[in-house]
K.L.:
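Structure incoming, see below.
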2 protein chains.
Amino acid sequence: MAGNRLDLNLLHVFDTIYREGSLTRAAKALHLTQPAVSHSLSRLREHFDDPLFTRQGNQMVPTPLARRFLESMKPGLTQIQGAVNQFHAFDPANQRKTYSLGLRDVLESTFLPPLMQRLNPYPELEIASKRIPRRDMETQLAAGKLDFAVDVLLPVSNQTSHELLRQDRLVVLVREGHPLAANTLDMEGYLSARHVLVSSRAEGPGIEDFELSRLGVQRSIRLRCQHYYAACRVVEQTDLLLTMPETYAQIISERANITIMNPPADLPSVDVHLYWHTAYGQEPALIWFREQLKAIQ
Amino acid sequence: MAGNRLDLNLLHVFDTIYREGSLTRAAKALHLTQPAVSHSLSRLREHFDDPLFTRQGNQMVPTPLARRFLESMKPGLTQIQGAVNQFHAFDPANQRKTYSLGLRDVLESTFLPPLMQRLNPYPELEIASKRIPRRDMETQLAAGKLDFAVDVLLPVSNQTSHELLRQDRLVVLVREGHPLAANTLDMEGYLSARHVLVSSRAEGPGIEDFELSRLGVQRSIRLRCQHYYAACRVVEQTDLLLTMPETYAQIISERANITIMNPPADLPSVDVHLYWHTAYGQEPALIWFREQLKAIQ
DNA sequence: GTAAACGATAAGAATAATTCAGTCGCGTAA
DNA sequence: TTACGCGACTGAATTATTCTTATCGTTTAC
């Protein structure tokens with residue numbers, strides 16, 4: 001670019017450096033090497049005749065001019081990128097993007113394996129699964145830090161769209177050879193045994209307990225823990241019963257001496273929803289990815 | 001730009017093609033060759049998987065998608081370009097830009113010669129002087145079709161800034177050897193002669209006539225014409241008097257057998273103003289050019 | 001009907017960008 | 001304090017990309 005017209009691609013680099021506060025991290029985000037970003041920065045510096053970013057300790061701090069410039073042009077840049085993303089012909093075959101998902105514990109195991117298998121034909125594509133506190137989900141989606149989140153049904157504002165991905169019914173797990181495994185599980189048997197309750201919260205009942213109390217009965221909790229996997233290992237070695245979502249139960253039982261049984265009553269199913277930011281939802285890349293997520297049953 | 005991230009510089013090309021409706025004209029505006037623009041367009045076409053512009057007769061008509069895309073991204077693009085222009089280090093030595101001026105007849109001769117002389121050190125810089133109807137001036141400034149306009153004092157909205165460039169007093173021209181040239185011109189002599197009136201309008205008095213009628217006198221118009229140069233040629237060969245702005249009179253008299261005389265009364269001076277769009281006025285390139293214009297006395 | 005204008009295309013040239021290799025400065029830990 | 005390591009900068013060389021020159025095929029206007 002001769003003359004004095006700025007190469008607009010440098011703006012994208014500028015924005016990324018600003019956001020990341022580091023050339024190395026910016027380079028990673030841009031799928032470039034660090035010297036490439038450094039060269040781009042020096043071109044920007046020459047164009048603006050300003051250091052733009054100065055190194056302070058281990059982060060690149062923007063100068064006042066850089067700050068003002070970013071404020072001036074950032075809205076325009078996001079608008080342009082939005083427009084480009086919205087209209088460009090989307091070819092999943094050679095997209096190079098990192099999709100970031102908000103997945104909570106169990107869902108990693110149930111979603112990621114079939115997802116990665118489905119994404120096999122697209123090697124340039126990268127996935128990052130992050131554990132996000134529920135109250136931050138909407139914020140992160142809105143900020144573009146997260147492309148999607150998967151969680152149970154939650155109250156969200158209308159800037160966040162969601163869709164039912166799957167209904168996971170609850171099943172009961174017992175160790176192989178457990179006395180109750182011989183016959184169909186009835187309520188009497190279910191209540192006679194003691195139970196493991198898995199919950200991320202420190203106290204309070206699980207969703208299955210709500211239904212049980214509605215039926216006028218109560219079970220006895222022997223162990224409360226945070227992860228289903230740990231709970232299964234316990235179940236395998238004791239006579240405790242574990243009530244949990246079927247999908248994850250299937251996965252775990254493949255490698256464990258565990259029997260899956262139908263629950264003694266119609267327990268509520270766990271509704272797993274997919275969440276995304278409404279405004280970004282029309283981007284072809286995200287539409288495509290949403291289809292992929294929905295396609296894994 | 002591998003992957004599927006669009007080269008943002010293509011957006012500028014896209015915008016220019018859209019505006020010009022022609023690849024050749026867009027190439028000229030971008031200081032590129034026609035094939036270069038053609039290649040850029042084909043890259044855009046591949047990216048959007050859409051023809052974007054189809055040739056109909058001798059103009060490139062945007063497809064619906066192109067139209068929608070432009071609407072989506074144009075505001076962002078102008079904002080970015082504004083931000084870039086506002087903050088970038090401005091080096092007049094190697095700027096490559098076409099400044100377009102709205103100049104009306106006379107002003108071309110008085111402004112352009114000293115301006116071009118002053119701009120000699122900047123060979124990459126181009127000037128386009130256009131004759132714009134007065135009522136379109138503000139629109140064209142606002143649309144960026146015109147960087148500056150020079151005209152007499154006009155009523156403008158506050159989106160247009162203006163500044164007094166020079167006050168041009170009115171002088172009287174007579175042929176060399178004219179009887180009246182022997183002495184100082186008094187009102188009696190002025191009124192005794194017959195006159196040429198130069199006006200772009202088809203009828204009505206000139207500004208000097210307003211002042212004369214305020215003084216209670218009236219002159220006799222023999223010839224009404226549109227250009228001062230033609231008027232001077234007539235004055236040179238007749239005994240007619242011509243009242244006109246001094247600056248232009250000086251220029252013409254250099255090559256003509258004409259004597260410049262002080263007017264017989266204090267005639268109003270012509271206030272020449274420089275006009276520009278307020279919002280664009282802060283761009284370094286325009287600030288610089290404004291200084292150049294003001295510097296030529 | 002003919003000439004001029006315009007966009008598309010091919011191939012070569014020039015330019016620009018990336019990468020690689022190496023230096024320097026700074027913060028952190030021993 | 002010293003040594004180590006991380007991160008940014010620089011320069012040279014390679015690689016890629018874009019631009020240009022030249023030419024063709026259409027279309028349009030006189």
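Lettering follows sequence order; numbering is per chain, from 1. Since the model is a prediction, treat every value here as computed from it, not as a measurement.
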K.L.:
So if I take residues 20-38 of chain A and measure heavy-atom distances to DNA chain D, which residues fall below 4.0 Å?
P.N.:
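Result for residues 20-38 of chain A: Ser22(A), Leu23(A), Thr24(A), Gln34(A), Pro35(A), Ser38(A), sorted by number.
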K.L.:
Rounded to the nearest Å, what distance is computed from the CE atom of residue Met60(A) to the C1' atom of nucleotide dG25(C)?
P.N.:
12 Å
K.L.:
For Arg68(B), give me all partners under salt bridge (charged side-chain N to carboxylate O under 4.0 Å, His left out), at least two apart in sequence or on another chain.
P.N.:
none
K.L.:
Separation of Asn9(A) atom CG from dT18(C) atom C1', in whole Å?
P.N.:
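These atoms are roughly 14 Å apart.
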K.L.:
Only counting residues at least two apart or in another chain, list the ones meeting salt bridge (charged side-chain N to carboxylate O under 4.0 Å, His left out) with Glu71(B).
P.N.:
none
K.L.:
If the plane angle is over 60° it's perpendicular, under 30° parallel, otherwise tilted; pick one for His47(B) and His88(A).
P.N.:
tilted
K.L.:
Can you run down the side-chain hydrogen bond (donor to acceptor under 3.5 Å, both in side chains) pairs that involve residues 12-35 of chain A, sequence neighbours left out, and say none if there aren't any?
P.N.:
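For residues 12-35 of chain A, and leaving out neighbouring residues, the side-chain hydrogen bond (donor to acceptor under 3.5 Å, both in side chains) pairs sorted by first residue read His12(A)-Gln81(A), Asp15(A)-Arg19(A), Asp15(A)-Lys74(A).
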K.L.:
According to ring pair (Phe, Tyr, Trp, His ring centres under 6.0 Å), who are the partners of Phe111(B), at least two apart in sequence or on a separate chain?
P.N.:
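Here no residue qualifies.
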K.L.:
Do side-chain atoms of Ser161(B) reach the backbone of Tyr275(B) as a donor and acceptor pair under 3.5 angstrom?
P.N.:
no
K.L.:
Could you check how far CZ of Arg45(A) sits from P of dT10(D), rounded to whole Å?
P.N.:
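Taking atom P of dT10(D) as the reference, CZ of Arg45(A) is at 8 Å.
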K.L.:
Does anything in residues 10-18 of chain B come within less than 4.0 Å of DNA chain D? Heavy atoms only, and list the residues if so.
P.N.:
none
K.L.:
In whole Å, I'd like the distance from the CD atom of Gln56(B) to the P atom of dA29(D).
P.N.:
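Taking atom P of dA29(D) as the reference, CD of Gln56(B) is at 14 Å.
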K.L.:
Minimum heavy-atom separation for Gly76(A) to Gln79(B), with atom names?
P.N.:
N-OE1, 3.0 Å
K.L.:
With sequence neighbours left out, what residues match Arg118(B) under side chain to side chain donor-acceptor pair (under 3.5 Å)?
P.N.:
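Result, side chain to side chain donor-acceptor pair (under 3.5 Å) vs Arg118(B): Gln292(B).
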K.L.:
Is there, by distance only and without an angle test, a donor paired with an acceptor across the side chain of Arg55(A) and the base of dC26(C) below 3.5 Å?
P.N.:
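Answer is no: no donor-acceptor pair is held.
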K.L.:
Over the length of the helix from dG1(C)-dC30(D) to dA30(C)-dT1(D), how much do the five-pair end axes diverge, rounded to 10 degrees?
P.N.:
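Helix axis angle between the two ends: 40°.
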K.L.:
For Leu41(A) and dC9(D), give me the distance from atom CG to atom C1', rounded to whole Å.
P.N.:
10 Å
K.L.:
Should the pair Phe69(A) and Phe87(B) be assigned to parallel (<30°), tilted (30 to 60°) or perpendicular (>60°) ring geometry?
P.N.:
perpendicular
K.L.:
Would you mind writing out the side-chain donor-acceptor pairs for residues 50-57 of chain A within the sub-3.5 Å range, not counting sequence neighbours?
P.N.:
{"residue": "Asp50(A)", "atom": "OD1", "partner": "Leu52(A)", "partner atom": "N", "Å": "2.7"}
{"residue": "Asp50(A)", "atom": "OD1", "partner": "Thr63(A)", "partner atom": "OG1", "Å": "2.9"}

K.L.:
Return the 5'-most residue of the pair Ser40(B), Ser42(A) with respect to DNA chain D, ranking by each residue's nearest nucleotide.
P.N.:
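Its nucleotide being nearer the 5' end, the pick is Ser42(A).
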K.L.:
Rounded to the Å, how far apart are Leu6(A) CG and dA16(C) C1'?
P.N.:
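The answer, rounded to whole Å, is 15 Å.
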K.L.:
For residues 133-140 of chain A, run the donor-acceptor check on the side chains, cut-off 3.5 Å, and write out each pair with its distance to 0.1 Å, sequence neighbours left out.
P.N.:
{"residue": "Arg134(A)", "atom": "NE", "partner": "Asp151(A)", "partner atom": "OD1", "Å": "3.3"}
{"residue": "Arg134(A)", "atom": "NE", "partner": "Asp151(A)", "partner atom": "OD2", "Å": "3.0"}
{"residue": "Arg134(A)", "atom": "NH2", "partner": "Asp151(A)", "partner atom": "OD1", "Å": "2.9"}
{"residue": "Glu138(A)", "atom": "OE1", "partner": "Ser157(A)", "partner atom": "N", "Å": "3.3"}
{"residue": "Glu138(A)", "atom": "OE1", "partner": "Ser157(A)", "partner atom": "OG", "Å": "2.8"}
{"residue": "Glu138(A)", "atom": "OE1", "partner": "Thr160(A)", "partner atom": "OG1", "Å": "2.7"}
{"residue": "Glu138(A)", "atom": "OE2", "partner": "Ser157(A)", "partner atom": "N", "Å": "3.2"}

K.L.:
Within this structure, what is the CZ-to-C1' distance between Phe53(B) and dA8(C), rounded to whole angstrom?
P.N.:
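Rounded to whole Å, this separation is 16 Å.
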K.L.:
Please work out whether the ring planes of Phe289(B) and Phe148(B) are parallel, tilted or perpendicular, with thresholds of 30° and 60°.
P.N.:
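Judged by the thresholds at 30° and 60°, the geometry between Phe289(B) and Phe148(B) is parallel.
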K.L.:
Could Arg43(A) and Glu46(A) be called an ion pair, given the rule that one side-chain N must be under 4.0 Å from one carboxylate O?
P.N.:
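Looking at Glu46(A) together with Arg43(A), the answer is no, because their closest N to O distance does not fall below 4.0 Å.
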K.L.:
Would you list the protein and nucleotides 12-16 of chain D atom pairs, both N or O, that sit under 3.5 Å from each other?
P.N.:
none

K.L.:
Tell me: CD of Glu46(A) to C1' of dT10(D), nearest whole Å?
P.N.:
15 Å
K.L.:
Restricting to salt bridge (charged side-chain N to carboxylate O under 4.0 Å, His left out), what partner residues turn up for Glu283(A), sequence neighbours left out?
P.N.:
none
